[in-house]
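Notes follow once the structure below has been shown.
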Protein chains: 2
Amino acid sequence: MFTLSEENYLKAIYHLESGSEKGISTNAIAKSLETKASSATDMIKKLSEKEVVFYKKYQGVTLTDFGKKTAANIVRKHRLWEVFLVERLNFSWDEVHEVAEQLEHIKSPKLINQLDALLGFPTHDPHGDPIPDKDGNINAVDKILLANLTKNERGVCVGVHDSSSEFLRFLDKKGITLGKEITVLEKEDFDDSLLIEIDAEKLSISKKIANNLYIQK
Amino acid sequence: MFTLSEENYLKAIYHLESGSEKGISTNAIAKSLETKASSATDMIKKLSEKEVVFYKKYQGVTLTDFGKKTAANIVRKHRLWEVFLVERLNFSWDEVHEVAEQLEHIKSPKLINQLDALLGFPTHDPHGDPIPDKDGNINAVDKILLANLTKNERGVCVGVHDSSSEFLRFLDKKGITLGKEITVLEKEDFDDSLLIEIDAEKLSISKKIANNLYIQK
DNA sequence: ATTATTTTTTAGACTTGTCTAAAAATTATT
DNA sequence: AATAATTTTTAGACAAGTCTAAAAAATAAT
């Protein structure tokens, strides 16, 4: 069994690993958890003892298979709870993160399996992120950033990269939600902004926004 | 804000207070939390600093109004989650306690209010215990122990005193659930057992059982 | 009313998870 | 290749929450 702190480290390492080949540095972990490198080193040693990470001094960490599975299960819980909050308790997608951060640590296999069933075995959370199955496998979607679409290309909005409340509320305001079809009408060279069409309306989108929205062609 | 440990102490004191007039002793608290008296003393001091209990050395503790409200809110959360687990996630009434012990510490007013609404503002948990409202007020039911009914008296089963899994599973086996009507046919003097009628069937009930079942006349 | 017993508190220690400051190792720069 | 800068680790400290053992207070028993 893992402590709350251990689970948070595992989750951080899990997220950092998906997006880099090599081992995850102590600093990267510390930064992601808003703690100090020395604290991270301490915890890494504990996780290594518990055989959820491989660790060699000065060379960062990698999750073991067991560690991956454990971390994926925490992510699974987090995302299932997010679906529950949005679909059953009228939370908006920018409100769920903090609460899900707490709920993901509740220990009860039955609870999470029944919740999964209650929600109809969802495959994605409210931000479009895939929900790992019981074995930790995820159904990778071949999504690309809106910024990488070329002129006149079209696709469906399937996820966000940045899921901060601010960004999500901005999207709500602009009417951009998951499932909406987006067409790129223009790409401005001088500031990399986009002119898109959504709901038969034209909308200008900055580079920053376009780099945080995932599209499926 | 209170730590997990502080919340558990508050809840224990709250439960111990309902059933005694005076202050709650250090030992009683320690016993109820399966810890040592010295640990209880330490925590009592912290709770006293936070003004949730009145405390004078060697004289036990009493909850302040603030403390009562805080504790009632934890109990409210615990019981609402129990309803959710039984009514929405197919848990049986003997399985919910452990999970609710975890869920009761989740901090999110919106979560609990929405959950309350989702469940249709239930007034009692699956064991018949009343659910405090947002202000900590509870709707006291005038229930009595089955053991205190006299021959030929009748009533409805509205709660259990002992809510251990073993007892609840025993009740399930005998077909005794909340809402069932029970008539006392005989009271045996030599062992204080009861002969009751339930669902038009006769059933013999030991003193111990009769002392753990609440009836509303 | 004076012992004996029980309860409660104190004192000091231990664990978990964190921190700062300094040392050691690695990586980057000239 | 030697020095500078950065990263990582170690060492020692601290807070929270717990424990054991001993002292102090309260209660019970003779």
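All chains are named by letter (A, B, ...) in the order of the sequence lines, taking the proteins before the strands, and each is independently numbered beginning at 1.
- Between C/dT8 and B/Lys57, no contact under 4.0 Å exists linking OP1 or OP2 to a side-chain N or O.
- Counting to the nearest Å, the C1' atom of C/dT15 and the CD atom of A/Glu49 are 15 Å from each other.
- You'll find that the side chain of B/Ser39 is closest to D/dT18, out of C/dT18, D/dT18, D/dT10.
- Among the atoms of the strands shown, only primed sugar atoms or phosphate atoms (P, OP1, OP2) are found under 4.0 Å from some heavy atom of A/Thr26.
- For A/Ser25 and D/dT8, a side-chain-to-base donor-acceptor distance below 3.5 Å is absent, hydrogens and geometry of angles not being considered.
- Contact between the side-chain N/O atoms of A/Asn27 and the OP1/OP2 oxygens of D/dT8 is found at a separation under 4.0 Å.
- Here B/Tyr55 reaches the OP1 or OP2 of C/dT9: one of its side-chain N or O atoms lies under 4.0 Å away.
- C/dT8 atom P lies 8 Å from atom CD1 of B/Ile44, rounded to whole Å.
- Between B/Phe84 and A/Phe84, the distance separating the two ring centers is shorter than 6.0 angstrom.
- Counting to the nearest Å, the P atom of C/dG17 and the CD atom of A/Glu7 are 11 Å from each other.
- Protein atom CG of A/Asp42 is 10 Å distant from nucleotide atom P of C/dC19, rounded to whole Å.
- Put simply, B/Tyr9 has a side-chain N or O that comes within less than 4.0 Å of OP1 or OP2 on D/dT18.
- An OP1 or OP2 oxygen of C/dT10 is reached within less than 4.0 angstrom by a side-chain nitrogen or oxygen of B/Lys45.
- Separating the NZ atom of A/Lys50 from the C1' atom of C/dT16 is a distance of 11 Å, rounded to the nearest angstrom.
- Whole-Å rounding puts the A/Gln59 CD to C/dT26 P distance at 8 Å.
- Atom NZ of A/Lys107 sits in a crowded spot, with more than 12 heavy atoms from other residues, nucleotides or ligands closer than 6.0 Å.
- Not one side-chain nitrogen or oxygen of B/Ser38 sits closer than 4.0 Å to the OP1 or OP2 atom of D/dT20.
- For D/dT18, one of the phosphate oxygens OP1 or OP2 lies less than 4.0 angstrom from a side-chain nitrogen or oxygen of B/Ser5.
- When all heavy atoms are compared, the tightest approach of B/Asn73 to B/Lys134 is ND2-O, 4.4 Å.
- Protein atom NZ of A/Lys46 is 7 Å distant from nucleotide atom P of C/dT16, rounded to whole Å.
- Counting to the nearest Å, the C1' atom of C/dT8 and the CE atom of B/Met43 are 17 Å from each other.
- In this structure, B/Gly60 and A/Thr3 both approach DNA chain C, and ranking their closest nucleotides by distance from the 5' end singles out B/Gly60.
- In this structure, B/Glu104 does not pair ionically with B/Arg76, as no charged nitrogen and carboxylate oxygen lie closer than 4.0 Å.
- Heavy atoms from other residues, nucleotides or ligands lying under 6.0 Å from NZ of A/Lys174 number 12 at most.
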